[in-house]
Amino acid sequence: MKTTEFKIWMNGKLVPQAEAVLPVNSAAVFYASNVFEGIRGYWNEADDELYAFRLAEHFARFRESMKMMRFTIPYQDLDLYEAVRQVLRENEAREDIHMHLVAYVGGPGLEATSPTGMYINPRRRPRIGDGNGLNCCVSSWQRTSDNAIPIRLKCGANYQNGRLAALQAKADGYDSPIFLNQRGTVAEGTGATFFMVRKGKLVTPPVTSDILESITRSTLIESLCPALSMDVVERDIARTELYVADEAFFCGSGYEITPILSVDRFPLGDGKLGPVTQRVLNTYMNVVRGTDQRFPEWRTPVYRPVTV
Ligand code: PMP
């Protein structure tokens, strides 16, 4: 993996990482008053092109998070497209990239809503679990609920809930936690939504189960699974269903499709990557990179000119 540092796009300018700093008394630093998106870009060797995946959907969710947080930013979606393309182009990124698109409150105080700044931080991020599956546990930490700190809102502060559960899982010898919500049904992972295969069906919790409205989740439900002749059922999942599932995986922009091999030490199926997960994984990876050329509207090229 290359180690050169990427410059950061911050409020319209490209700056070295050491200069991309926020005041210690800003609400962003002290209260984690920010909202963000995690977006991947995939290098396609044959096309000599870097494709950013589903920017339109990420920008739409970014705006929903900002609305709930009462943030405003002086950028239209067209400016955001150009900022993403510019930061990757000017960093000469010709490899797989993960980036954080962040809006933050630069002023002090809990109720501050301004000034709102923005930065885009491209970074290298290997596959979760090195591409192998994860051994998970059901967390004793509960997913925060919609009336407390809503997970639909993608703000940095929410990830403290994930941090508590992730560190607990590691301390107990697991790779990753699965959250239940206040109702006791399955919610999601720390940074990924959850799918399982049971009795020949793909099942995932509904968007009202205290989960983020994941873009990867909709990619699978609305397009990729139907293209594989697999329908996805959206319904509550009970804890014990996890133990008797044939297969399960996490999905997300960062997690891509990451197999879950066991839950609370119960192996799922034969405890290895299962056939359904394998098919979903292959299709997803080919589509995001553009080696499978379906759904071109999802891939924004960074180097060639585009009209968006
Ligand atoms: N849930 C949480 C809490 C997340 O942080 C993420 C990653 N953004 C996901 C689910 C998956 O969402 P997406 O597919 O949009 O990346």
Side-chain angles (χ1 to χ4, degrees), residues 32 34-42 52-66 68-69 84 96-103 120-121 123 125 127-129 134 136 139 141-146 148-166 169 176-181 185-196 202 204-225 232 234 237 248-260 280-281 283-285 287-288 295 298-300:
N34 68 29
V35 302
F36 73 99
E37 286 297 315
I39 305 173
R40 278 198 195 259
Y42 292 88
F53 193 61
R54 302 208 75 170
L55 288 184
E57 290 74 14
H58 280 286
F59 296 159
R61 188 172 64 191
F62 192 47
R63 290 196 189 280
E64 287 188 355
S65 294
M66 285 193 286
M68 288 183 267
M69 287 286 259
V84 166
D96 290 354
I97 290 290
H98 184 269
M99 64 201 133
H100 282 147
L101 187 96
V102 186
I120 306 173
N121 180 13
R123 51 200 206 120
R125 184 176 179 186
R127 292 215 56 183
I128 303 281
L134 303 176
C136 293
S139 186
W141 294 97
Q142 196 173 77
R143 202 51 158 159
T144 56
S145 70
D146 206 57
I149 305 184
I151 296 294
R152 179 170 291 96
L153 161 52
K154 194 165 166 62
C155 63
N158 274 350
Y159 288 77
Q160 296 303 323
N161 182 222
R163 184 174 188 274
L164 289 169
S176 216
I178 297 172
F179 277 110
L180 305 181
N181 55 34
T185 61
V186 173
E188 58 174 2
T190 53
T193 36
F194 175 85
F195 281 67
M196 70 171 182
L202 263 171
T204 194
V207 291
T208 45
S209 11
D210 293 320
I211 65 171
L212 181 72
E213 287 187 24
S214 148
I215 293 162
T216 319
R217 176 184 179 280
S218 353
T219 299
L220 297 190
I221 296 175
E222 291 159 20
S223 309
L224 294 194
C225 292
V232 181
E234 293 174 71
I237 296 178
F249 58 86
F250 283 134
C251 80
S253 306
Y255 275 70
E256 301 166 316
I257 309 296
T258 298
I260 297 171
V280 174
L281 170 63
T283 309
Y284 182 78
M285 295 312 297
V287 165
V288 292
F295 313 108
W298 292 346
R299 294 179 294 273
T300 302

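Atoms within a ligand are numbered from 1 in the order they appear, just like the ligands themselves. Quick note: residue numbers are just sequence positions, from 1.
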Asks: Are any of the side-chain heavy atoms of Ile149 and Gln160 separated by less than 4.5 Å?
Replies: no
Asks: Considering residues at least two apart in sequence or located in another chain, which fulfil the ring pair (Phe, Tyr, Trp, His ring centres under 6.0 Å) criterion with Trp141?
Replies: none
Asks: Taking any residue with a non-hydrogen atom under 4.0 angstrom from an atom of ligand 1, which ones do you get?
Replies: Arg61, Arg143, Lys154, Tyr159, Glu188, Thr190, Gly191, Ala192, Thr193, Leu212, Ser214, Ile215, Thr216, Cys251, Gly252, Ser253
Asks: Looking at Leu101 and Val84, what are the two nearest heavy atoms and their distance?
Replies: CD1-CG2, 4.0 Å
Asks: Apply side chain to side chain donor-acceptor pair (under 3.5 Å) to Glu37 and list each qualifying residue two or more places apart in sequence or on a separate chain.
Replies: His58, Arg61
Asks: Taking the six-membered ring for Trp and the full ring for Phe, Tyr or His, determine whether the centres of Phe249 and Tyr284 are under 6.0 Å apart.
Replies: no
Asks: Could you list the residues that satisfy side-chain contact (heavy atoms from CB on, under 4.5 Å) with Ala169, not counting sequence neighbours?
Replies: Cys137, Tyr174, Pro177
